[in-house]
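Worksheet: the structure to be examined is printed underneath.
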Amino acid sequence: MSESYEFVVVANRLPVDEVVADDGGRTWARSPGGLVSALQPIVRRQGGAWVGWTGQPGEAPEPFDADGMHLHPVALSAQDVERYYEGQSNSTIWPLFHDAVEQPAHRRPWRHAYDAVNRRFAEAAAQLAAPGGTVWVHDYQLMLVPAMLRDLRPDLQIGFFLHIPFPPVELFMQLPRRAELLRGLLGADLVGFQRPLAAQNFLQLTARLLGLEPQDEHVEHEGRTVVARAFPISIDVGEVEELATDPEVQAEARRMRAELGGDRRLLLGVDRLDYTKGIEQRLEAYGELLADGTVSNDDVVLVQVATPSRMRVQEYQELRARVEREVGRINGEFGAVGQAPVHYLFQSMNRAELVALYLAADVMVITPLRDGMNLVAKEYVVARGDDRGALVLSEFAGAAAELETAFLVNPHDVEDLKRVITEALHADDGEQAGRMRPMRTQVQQNDIDKWARDFLETLDSTGSTKPD
Ligand code: ADP
Ligand code: F6P
């Protein structure tokens, strides 16, 4: 029998992506997104297997060990990528779960591919997990996996965590085959969410769709108890602190500031290029502040890092075109030779460069229209051990519930954005420290290890399904 693991993580992506160069050579790079930032340190420390996709269509490479983790690639054909990943996951479920800020599309072949790929992930996990082991399934791409896995392996403890928001009942009800998705999630012993409201939405849905009778934080389903609770995800505090206090990273931050114009105040945006992140609203507000003279190109500069994401999906291509047009317009209208008001970087960065940017920024501007958590916000406050800087944070990011002393803003309201960004730019040292300190303490006391511990201990105590 092949090797088995007491702890298995199942996520759409592996922590590393396979990168194919023009000459056909293959290397590995860190995968994009908050899920990997959060989970990688946990699996690395605790050991175990990780089932996921390499980010490339075609045959899966052989399983391999890296950084104390056993990585088990699952193959997605080009058609699977188009239908399961770009289609059902990112053109149906993603927009619907983010308040339908883009119109969700519905296609039958996408749903069939979603079923088939979820089954493949469930089978891989069933093969790898040790008897009575723990399997932790992640995110909206794999919502059918818990029930499929339970059918295959009733001996397992199964947890599920949703990294994105869970929509209100009325929105979820729009999904074709909605009851199947819900039954998929109910295959888990514990379903975790970013916010208490999401857990409530889920429990209400079990009553509305399946006629179940949820009570407090749990619901009985097919003779088992399923617990639904919020576990706000966090960051690897130690990693960010180590980088932020590294003299080389600090020197890089000083160099960046000098190059951008030593006296100019630096506004920073760091997001995957995604329509949920409110990048266009941020640019609109900044453009208006320049136009009405509240700020000028001589005293302020915006650095916008936009990480390439889902670039084959039409809405993402259109967003990129709109964002780049707006950056060009602002630079054209308000720039000077050798001095642009927006520096736009459409690229991935290494962690040290990113933390150097956090250290250099006077104001971090995070304005999603809807976001499950937003780890960039937590990384920024932890990086600022110097108590300097200011965080402008959307009320619609999960992080706003914990980072209460941020400059909170409604990103749907451009006037509010302009007002709050201006306020943050004018905060004096005392106000900066008074706001940053409690936020930093909050994240330090609730780091990623605590998140994982809370979830896994709750799962362990739920474990009603274990046979005698
Ligand atoms: P999401 O999961 O929606 O992408 P989060 O803010 O929760 O958003 O997580 C993003 C993660 O990706 C953070 O850990 C952040 O440091 C990292 N990240 C964002 N942009 C880049 C980039 N350009 N290069 C490398 N890492 C990035
Ligand atoms: O939770 C956010 C998330 O969708 C993760 O599931 C995902 O790994 C990450 O963002 C990045 O997106 P993608 O894997 O589609 O590039």
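Each ligand, and each atom within it, is numbered from 1 in the order the structure gives.
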Honestly, for Ile164 the part within reach of ligand 2 (heavy atoms, under 4.0 Å) is side chain
Rounded to the nearest 0.5 angstrom, the CD-CD distance for Glu318 and Gln314 is 4.5 Å
Of all protein heavy atoms, the one nearest atom 11 (C) of ligand 2 is Pro32 O, 3.6 Å
Atoms of ligand 2 under 4.0 Å from any heavy atom of Gly33, numbered from 1 in the order shown, are 9 (C), 11 (C)
Residue, atom and distance of the protein heavy atom nearest atom 1 (O) of ligand 2 read Asp139 OD2, 2.9 Å
Rounded to the nearest 0.5 Å, the CZ atom of Arg325 sits from the CD1 atom of Ile330 at a distance of 12.5 Å
Verify salt bridge (Lys or Arg N to Asp or Glu O under 4.0 Å) between Glu315 and Arg310, making sure each step is shown before the conclusion. CA-CA 9 Å; Glu315 285 75 14; Arg310 307 173 191 164; over 6 Å; no
Rounded to the nearest 0.5 angstrom, the CD-CG distance for Glu324 and Leu283 is 11.0 Å
Could you establish whether Arg272 and ligand 2 come within less than 4.0 Å of each other, counting only heavy atoms on the residue side? yes
of all protein heavy atoms, closest to atom 10 (O) of ligand 2 is Arg310 NH2, 3.6 Å
Quiz item: Can Arg44 be said to sit on top of Trp50's aromatic six-ring, NZ or CZ under 6.0 Å from centre and within 45° of the ring axis?
Solution: no
Geometry only, no angles: is Tyr85 polar-contacting ligand 2 at N/O separations under 3.5 Å? yes
protein heavy-atom neighbour closest to atom 7 (C) of ligand 2 works out as Gln141 NE2, 4.3 Å
### Message
Show, in sequence, the C-alpha distance, side-chain angles and deciding distance for Phe7 and Leu456, and conclude whether the side chain to side chain contact (heavy atoms under 4.5 Å, CB included) test is met.
### Response
CA-CA 10 Å; Phe7 181 58; Leu456 293 171; 3.9 Å; yes
Atoms of ligand 2 under 4.0 Å from any heavy atom of Trp94, numbered from 1 in the order shown, are 4 (O)
From the list Phe166, Phe97, Trp94, Phe161, ring-ring contact (aromatic ring centres under 6.0 Å, His included) partner of Tyr140 resolves to Trp94
Atom 16 (O) of ligand 2 has as its nearest protein heavy atom Arg13 NH2, 2.9 Å
Ligand 2 atoms nearer than 4.0 angstrom to some heavy atom of His163 are 1 (O)
List, pair by pair, the atoms of ligand 1 and of the protein that are both N or O and lie under 3.5 Å apart, giving the separation rounded to 0.1 Å.
from     : atom 1 : to     : atom 2 : distance (Å)
ligand 1 : 2 (O)  : Gly34  : N      : 2.6
ligand 1 : 3 (O)  : Arg272 : NH2    : 2.9
ligand 1 : 3 (O)  : Lys277 : NZ     : 2.9
ligand 1 : 4 (O)  : Arg272 : NE     : 2.7
ligand 1 : 6 (O)  : Leu375 : N      : 3.1
ligand 1 : 6 (O)  : Val376 : N      : 3.3
ligand 1 : 7 (O)  : Leu375 : N      : 2.9
ligand 1 : 8 (O)  : Lys277 : NZ     : 3.2
ligand 1 : 9 (O)  : Gly34  : N      : 3.2
ligand 1 : 14 (O) : Ser37  : OG     : 2.6
ligand 1 : 14 (O) : Glu379 : OE2    : 2.6
ligand 1 : 16 (O) : Arg351 : NH1    : 2.9
ligand 1 : 16 (O) : Glu379 : OE1    : 2.6
ligand 1 : 16 (O) : Glu379 : OE2    : 3.2
ligand 1 : 20 (N) : Thr307 : OG1    : 2.8
ligand 1 : 23 (N) : Thr307 : OG1    : 3.0
ligand 1 : 23 (N) : Gln347 : O      : 3.0
ligand 1 : 24 (N) : Met349 : N      : 2.7
ligand 1 : 24 (N) : Met349 : O      : 3.3

Q. Between Arg83 and Tyr114, is NZ or CZ placed under 6.0 angstrom from the six-membered ring centre and within 45° of the ring axis?
A. no
(Q) Take a 6.0 Å sphere around CD of Glu248 and say whether it holds more than 12 heavy atoms from other residues, nucleotides or ligands. (A) no
* Apply ring pair (Phe, Tyr, Trp, His ring centres under 6.0 Å) to His72 and Phe64, showing your working. => CA-CA 7 Å; His72 187 97; Phe64 59 101; over 10 Å; no
Using the six-membered ring of Phe172, assess whether NZ or CZ of Arg178 lies under 6.0 Å from its centre and within 45 degrees of the ring axis. no
